[in-house]
Amino acid sequence: MTILVTGGAGFIGSHISVELLNAGYNLMIVDNFSNSNPEVLRRIQKITGKSFEIHQIDLLNEKDLERVFIENRIEAVIHLAGLKAVGESVVEPLKYYRTNINSTINLCKLMKKYHVRKLVFSSSATVYGMPDKVPIAEDFPLKAMNPYGRTKLMIEEILQDIYISDKQWSISILRYFNPIGAHESGLIGDNPNGIPNNLMPFITKVAIGELKELKVFGQHYPTIDGTGVRDYIHVIDLAKGHVAALDKVLKTNSINTYNLGTGQGYSVLEIITAFESITGIKIPFQLSEPRLGDIAICYADSSKAKMELGWEAEKGIIEMCRDAWRWQRKNPNGYQDNKLISNSRIRDSGLMNMESTEEVEKNVVDEKTYT
Ligand code: UD1
């Protein structure tokens, strides 16, 4: 059974890919590598010992995407591809609306045309805006506060309309809380471009000495110690949540929305302390002004996912910090060392399978040997 994962080379997508292969699914990744590195593909193969197909395609290019549907028997789609930087979305809203919305429309159009009606969609807790209370349940009011969040909300609404128009669809909308951590092998993990926006990658960059100190955004929130509280979830737990949601959409015809979180909130200072005690590394920080648009407290009521998907997060803060740090320590430059070479190889070949990935790797080694 072939599962198409859009954005399968990204941070969350790569971990989902591993879990899908481990669960015995055939995997096909579609990714344009705009915010990911092809080296991750080799790592996924190394972790799982399994092969899979990769197509370097931009979902905005409907013709290229259609080829994938024509040439393969796809059973279901897990749709993650999209732009995700909140700050950038405020500066360039049209880029976000065009990329996230149009690519989803292209994808769903082709799914309809080729009778693939099973979809798991990557949404975000950002759709709750500033919730009136916590824990946040799926039926809370929705009010995204920036263009990125609004694209997630609009796509959720589009999917509801698709389902209303044709009840043969089966759709699972997953609202992620704060995914951190990495695969325990240390082979794949979060690899943000430039200076990270999110807390954990920032902390690991400080720990490795690449950044001098962390700025803690806000110190007067009505929380345990005045700093912002979030529901951090290990990316492997999140990935397993996708497999559980996939199992459900394969069996039923319905549309459902699920929070994927742990139900446990940690403040920024609690995260720093946990990271320090697990790694033995001091994280210098400075208390500073709140970040525009940040909320005080956010954590999930994930009981619906537990009841209906039989899924719940298993890993705690120790594993999250330990695995994030192992990934950073083993890959101080992320996948970057391989980036330039492998990207150009992929551009040239257009379409890739795992053999050509190995070819990429061989070329990387060759070039390294001769320079
Ligand atoms: C952010 C996005 C959210 C997205 C999520 C994905 C914003 C405003 N929100 O959520 O839309 O779905 O990432 O993971 O960007 N913090 C610091 N110093 C830092 C970075 C963060 O103190 O350098 C604090 C924040 O104020 C917050 C907590 O750490 O209290 C977590 O921040 P972050 O990792 O950026 O996630 P969110 O803001 O919750």
Side-chain angles (χ1 to χ4, degrees), residues 7 10-13 15 35 80 82-91 96 100 121-131 134 136 142-153 155-156 173-182 189-192 194-207 210-235 238 259-262 264-275 283-300 317 320-321 324:
F11 170 44
I12 297 170
H15 290 82
N35 191 26
L80 311 164
L83 300 174
K84 59 172 189 178
V86 174
E88 187 191 41
S89 80
V90 175
V91 180
Y96 272 68
N100 292 1
F121 173 62
S122 150
S123 188
S124 164
T126 196
V127 298
Y128 295 114
M130 295 210 179
V134 282
I136 302 168
L142 304 176
K143 44 185 181 212
M145 297 187 321
N146 52 64
Y148 158 73
R150 277 188 280 276
T151 65
K152 291 290 179 193
L153 196 45
I155 293 169
E156 287 197 9
I173 294 168
L174 304 181
R175 293 183 182 147
Y176 310 161
F177 281 69
N178 289 56
I180 60 172
D190 199 356
N191 185 36
I195 296 175
N197 293 316
N198 297 120
L199 180 63
M200 186 51 84
F202 203 107
I203 288 179
T204 59
K205 296 256 179 227
V206 171
E210 198 179 313
L211 297 170
K212 213 170 115 252
E213 65 176 10
L214 173 75
K215 275 200 169 75
V216 174
F217 298 140
Q219 47 181 310
H220 302 299
Y221 288 118
T223 61
I224 179 173
D225 54 25
T227 66
V229 166
R230 295 291 183 275
D231 185 338
Y232 298 94
I233 173 170
H234 197 292
V235 65
L238 191 79
N259 285 339
L260 296 186
T262 63
Q264 165 94 47
Y266 287 99
S267 74
V268 177
L269 293 183
E270 284 176 323
I271 293 289
I272 296 172
T273 307
F275 187 89
I283 302 296
F285 67 85
Q286 225 183 71
L287 297 173
S288 72
E289 290 303 300
R291 182 170 62 181
L292 207 66
D294 265 0
I295 56 178
I297 308 182
C298 169
Y299 58 88
I317 199 66
M320 296 184 215
C321 292

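Order of listing sets the numbers, starting from 1, for every ligand and every atom in it. Quick note: residue numbers are just sequence positions, from 1. Note that the coordinates shown come from a computational prediction; the quantities given were computed from them, not determined experimentally.
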Do you know the tightest heavy-atom contact between [X] and [Y]?
| X | Y | answer |
| --- | --- | --- |
| Lys212 | Pro284 | O-CG, 3.5 Å |
| Val206 | Leu214 | CG2-N, 4.0 Å |
| Ala85 | Tyr96 | N-OH, 3.0 Å |
| Tyr148 | Ser124 | OH-CB, 3.8 Å |
| Ser123 | Glu156 | OG-OE2, 2.6 Å |

[X] and ligand 1 - part of the residue with a heavy-atom distance under 4.0 Å:
| X | result |
| --- | --- |
| Val268 | side chain |
| Val86 | side chain |
| Tyr148 | side chain |
| Leu214 | side chain |
| Phe11 | neither |
| Lys215 | backbone |
| Asn197 | backbone |

The test is side-chain contact (heavy atoms from CB on, under 4.5 Å); show your working for Ile233 and Tyr176 and say whether it passes. CA-CA 8 Å; Ile233 173 170; Tyr176 310 161; 5.9 Å; no
Should Pro131 and Ile295 count as side-chain neighbours, where that means a heavy-atom distance under 4.5 Å? yes
Starting from [atom], what is the nearest protein heavy atom, named by residue and atom, and what distance separates them?
| atom | result |
| --- | --- |
| atom 39 (O) of ligand 1 | Arg230 NE, 2.5 Å |
| atom 33 (P) of ligand 1 | Asn198 ND2, 3.4 Å |
| atom 16 (N) of ligand 1 | Phe217 CD1, 3.6 Å |
| atom 34 (O) of ligand 1 | Leu199 N, 2.8 Å |
| atom 35 (O) of ligand 1 | Arg291 NH2, 2.8 Å |

Per-atom contacts, ligand 1 versus [X] - under 4.0 Å to a heavy atom:
| X | value |
| --- | --- |
| Tyr232 | 28 (C), 29 (O), 31 (C) |
| Ser124 | 12 (O) |
| Val216 | 22 (O) |
| Asp294 | 8 (C), 25 (C), 26 (O), 38 (O) |
| Thr126 | 11 (O) |

Assess whether atom NZ of Lys215 is packed by more than 12 heavy atoms of other residues, nucleotides or ligands within 6.0 Å.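 For Lys215, atom NZ is not crowded (no more than 12 foreign heavy atoms under 6.0 Å).
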Scan Ile195, Ile283, Asn197 and name whichever one has a side-chain contact (heavy atoms from CB on, under 4.5 Å) with Phe202. Ile195
Please check this pair: side chain of Asn146 against backbone of Gly87, looking for a donor-acceptor N/O pair closer than 3.5 Å.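 Looks like no, no N/O pair under 3.5 Å.
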Where the side chain of Asp225 meets the backbone of Thr227, is there a donor-acceptor pair that is under 3.5 Å apart? yes
Name the option, out of Leu211, Ile271, Asn178, that contains the heavy atom nearest to atom 36 (O) of ligand 1. Asn178
With a cutoff of 4.0 Å, is Phe285 in contact with ligand 1, counting heavy atoms of the residue only?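 So Phe285 does not count as touching ligand 1.
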Gly218 to ligand 1, any heavy atom closer than 4.0 Å: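 The answer is no: ligand 1 sits nowhere under 4.0 Å from a heavy atom of Gly218.
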Strictly by modelled atom types, are Tyr232 and Thr262 linked by a side-chain donor-acceptor pair under 3.5 Å? no
